[in-house]
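Note on naming: letters A, B, ... go to the chains in the order of the sequence lines (proteins, then strands), and numbering restarts at 1 for each one.
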Amino acid sequence: MNANKVLDAKGLACPMPIVKTKKAMNDMESGEVLEIHATDKGAKSDLTAWAKSGGHELVDHTEENNVFKFWIKKG
Amino acid sequence: MVEKKKTTIILFSGDYDKAMAAYIIANGAAAYDHEVTIFHTFWGLNALRKEELVPVKKGFMEKMFAKMMPRGADNMGLSNMHFAGMGPKLIKNVMKKHNAVPLPNLIEMAQEQDIKLVACTMTMDLLGLQQEELLDGIEYAGVAAYLADAEDGNVNLFI
């Protein structure tokens, strides 16, 4: 999937993945897609809930070698 | 534009671990686009103390309090497994290993995220703490100001 921006949040612990995602999202336009890489095991629940609450769309997510990848489209 | 949701937290505890939980929730809530207030009262005020000694005029009791309480977030003890000061050292090592953010950095991040840090003036008087001894850029208020934030809040915690 094509992302407008990639955020590397690997190795970061709660609450940093969400804080960084929010910061990255602030600089983006509606409809653009942010790709996030994280290793925090809570990231899936956290980012899913965060996207929903903020009116964004979690387009896709994968897990590979303990790295979670997320694609969130800004609402 | 919809009105922002609000998170309000009362930090009563002066324990490192409890303050950490409060500040993690606060920073998370700010990332959720909430307006966030942390109201520091009693021992929670110690999280706002500057680490360096600030020369201010104090009476005997106030001096005693100042000496006995931790000066700044990094010097606070643990609520559990404190082990006469060994506990905080251990936990800080473990936190480094797991990339968890230390409390002083969480407080700095809270200020960057425009979280409103409030010191309760009544308990500042009780503990003999003065504005010069606390971090810059915080607010001073009492119960009414807190309630004004909390009454239309969505998340409200007492830690």
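Residues A/Pro15 and B/Met109 form a side-chain contact, since some pair of their non-hydrogen atoms from C-beta on lies under 4.5 Å apart.
Criterion: ILVMFWY side-chain heavy atoms under 4.5 Å apart, direct or through other members. Under it, B/Leu78 and B/Met86 are not part of a common hydrophobic cluster. Connection of B/Met76 to B/Val54 is not established within any shared hydrophobic cluster, with ILVMFWY side chains joined at heavy-atom distances below 4.5 Å, either directly or through further cluster members.
Around atom CG of A/Asn26, more than 12 heavy atoms belonging to other residues, nucleotides or ligands sit under 6.0 Å away. Within a 6.0 Å radius of CD in B/Glu52, more than 12 heavy atoms belonging to other residues, nucleotides or ligands are found.
Residue B/Ile25: no heavy atom, backbone or side chain, is found under 4.5 Å from chain A. Interface remark: A/Lys23 contributes side-chain atoms only to the contact with chain B (heavy atom separation under 4.5 Å).
Contact record, A/Leu12 with B/Asn99: N-ND2, 4.4 Å, taken as the closest heavy-atom pair. Among all heavy-atom pairs drawn from B/Asn27 and A/Val19, the shortest one is O-CG2, 3.9 Å.
Hydrophobic cluster membership for A/Phe68: A/Leu7, A/Ile18, A/Met25, A/Met28, A/Leu34, A/Ile36, A/Leu47, A/Trp50, A/Leu58, A/Phe70, A/Ile72, B/Tyr32 (Ile, Leu, Val, Met, Phe, Trp, Tyr linked by side-chain heavy atoms under 4.5 Å, directly or transitively).
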